[in-house]
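To start, the structure under review is shown below, and the notes come after it.
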Amino acid sequence: MDKIKVLFIQEKKVKKGAITISDLIENEVPDTYEFDRVSAKEDIMGKVAELHPQIVFISNGKAYDIFELVRKIKELGSEIVILAMVFTDFGSEREMMDRLTGLGVYKCYTSQLSVDSLIHDMFVSLNME
């Protein structure tokens, strides 16, 4: 079976040696996913178009408009599953989640994200469970 391509979009590059969500996922379900990252300083949409990921995980930040990113990704491939991390310092958490879901985000998470529920949601979103 081919690995599932997952792209993480984040505001900043991950520091070398830092433990990431992808490390934790790989620990739980080894050899299932192929992870890549793109930061706000890079060509985000170019990376999405190049990789054709099945899942995109976006952490919202000040460096880009998460709503515009979701729209552009869905235009590029409506089948791409989008998961979003929502931080409360950007306004009403509930309003953001409702708006993102309305744009086609499969699921929104807050700071209480658990790796187990993320893995489960990734499988379910691709009809693998």
Side-chain angles (χ1 to χ4, degrees):
M1 181 171 107
D2 290 337
K3 289 185 177 185
I4 299 163
K5 293 180 187 176
V6 180
L7 177 64
F8 286 93
I9 299 173
Q10 50 211 33
E11 197 164 15
K12 299 176 184 174
K13 285 189 174 192
V14 175
K15 294 179 183 178
K16 289 191 186 240
I19 296 174
T20 64
I21 292 175
S22 56
D23 294 330
L24 298 173
I25 293 169
E26 184 66 25
N27 223 20
E28 293 295 318
V29 283
D31 301 319
T32 303
Y33 299 98
E34 179 182 320
F35 298 103
D36 211 328
R37 289 180 171 62
V38 63
S39 72
K41 292 184 180 187
E42 300 171 81
D43 178 10
I44 294 172
M45 291 311 299
K47 192 76 156 181
V48 174
E50 171 194 332
L51 293 175
H52 303 288
Q54 289 142 291
I55 298 173
V56 172
F57 188 94
I58 305 173
S59 292
N60 72 320
K62 295 177 182 176
Y64 47 77
D65 180 339
I66 191 169
F67 304 108
E68 186 63 25
L69 264 178
V70 169
R71 275 192 285 281
K72 287 180 178 178
I73 292 168
K74 283 299 187 178
E75 285 173 9
L76 191 63
S78 61
E79 74 287 351
I80 297 172
V81 173
I82 302 175
L83 306 170
M85 176 64 84
V86 176
F87 299 106
T88 56
D89 56 335
F90 289 94
S92 165
E93 196 173 275
R94 181 80 262 147
E95 286 176 23
M96 282 194 74
M97 292 171 126
D98 290 345
R99 188 169 168 203
L100 288 168
T101 303
L103 290 171
V105 169
Y106 179 77
K107 188 144 186 195
C108 296
Y109 302 93
T110 62
S111 57
Q112 293 88 21
L113 170 68
S114 88
V115 173
D116 288 340
S117 72
L118 178 59
I119 291 168
H120 175 264
D121 293 340
M122 291 167 75
F123 276 118
V124 171
S125 72
L126 297 173
N127 297 315
M128 296 177 66
E129 189 174 83

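Positions are given from 1, in the same order as the sequence printed here.
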If we ignore hydrogens and angles and just use 3.5 Å, is the side chain of [X] paired with the main-chain N or O of [Y] as donor and acceptor?
{"X": "Glu93", "Y": "Val86", "answer": "no"}
{"X": "Glu34", "Y": "Lys3", "answer": "no"}
{"X": "Lys74", "Y": "Ile80", "answer": "yes"}
{"X": "Glu11", "Y": "Lys62", "answer": "yes"}

With rounding to the nearest 0.5 angstrom, report the [atom1] to [atom2] distance, [X] to [Y].
{"X": "Gln10", "Y": "Phe57", "atom1": "CD", "atom2": "CZ", "answer": "9.5 Å"}
{"X": "Met85", "Y": "Phe8", "atom1": "CE", "atom2": "CZ", "answer": "9.5 Å"}
{"X": "Arg99", "Y": "Cys108", "atom1": "CZ", "atom2": "SG", "answer": "12.0 Å"}
{"X": "Ile66", "Y": "Leu103", "atom1": "CD1", "atom2": "CG", "answer": "10.0 Å"}
{"X": "Ser114", "Y": "Tyr109", "atom1": "OG", "atom2": "OH", "answer": "8.5 Å"}
{"X": "Asp98", "Y": "Arg94", "atom1": "CG", "atom2": "CZ", "answer": "4.5 Å"}

Any idea which heavy atoms bring [X] and [Y] closest together, and the distance?
{"X": "Val105", "Y": "Ile82", "answer": "CG1-O, 3.4 Å"}
{"X": "Lys5", "Y": "His52", "answer": "CD-O, 4.0 Å"}
{"X": "Tyr64", "Y": "Ile44", "answer": "CD2-CD1, 4.1 Å"}
{"X": "Glu26", "Y": "Asp31", "answer": "OE2-N, 2.9 Å"}

Short side-chain donor-acceptor distance under 3.5 Å, Asp23 and Thr20: yes
Test side-chain contact (heavy atoms from CB on, under 4.5 Å) applied to Ile9 and Ser59, step by step: CA-CA 6 Å; Ile9 299 173; Ser59 292; over 6 Å; no
side-chain contact (heavy atoms from CB on, under 4.5 Å) assessment of Met122 paired with Ile4: CA-CA 10 Å; Met122 291 167 75; Ile4 299 163; 5.9 Å; no
Under-4.0 Å salt bridge between Glu68 and Arg71: yes
Measure the shortest side-chain to side-chain distance between [X] and [Y] over non-hydrogen atoms and say whether it is less than 4.5 angstrom.
{"X": "Val56", "Y": "Val81", "value": "no"}
{"X": "Val115", "Y": "Ile119", "value": "yes"}
{"X": "Phe35", "Y": "Leu7", "value": "no"}
{"X": "Tyr33", "Y": "Ser22", "value": "no"}
{"X": "Thr101", "Y": "Tyr106", "value": "no"}
{"X": "Pro53", "Y": "Val6", "value": "no"}
{"X": "Ser125", "Y": "Ile55", "value": "yes"}
{"X": "Met97", "Y": "Thr110", "value": "yes"}

Residue pairs involving residues 35-46 (criterion salt bridge (Lys or Arg N to Asp or Glu O under 4.0 Å); sequence neighbours excluded): Asp36-Lys47
Verdict with reasoning, His120 to Val124, per side-chain contact (heavy atoms from CB on, under 4.5 Å): CA-CA 6 Å; His120 175 264; Val124 171; 3.5 Å; yes
Test side-chain contact (heavy atoms from CB on, under 4.5 Å) applied to Ile73 and Ile58, step by step: CA-CA 11 Å; Ile73 292 168; Ile58 305 173; 4.0 Å; yes
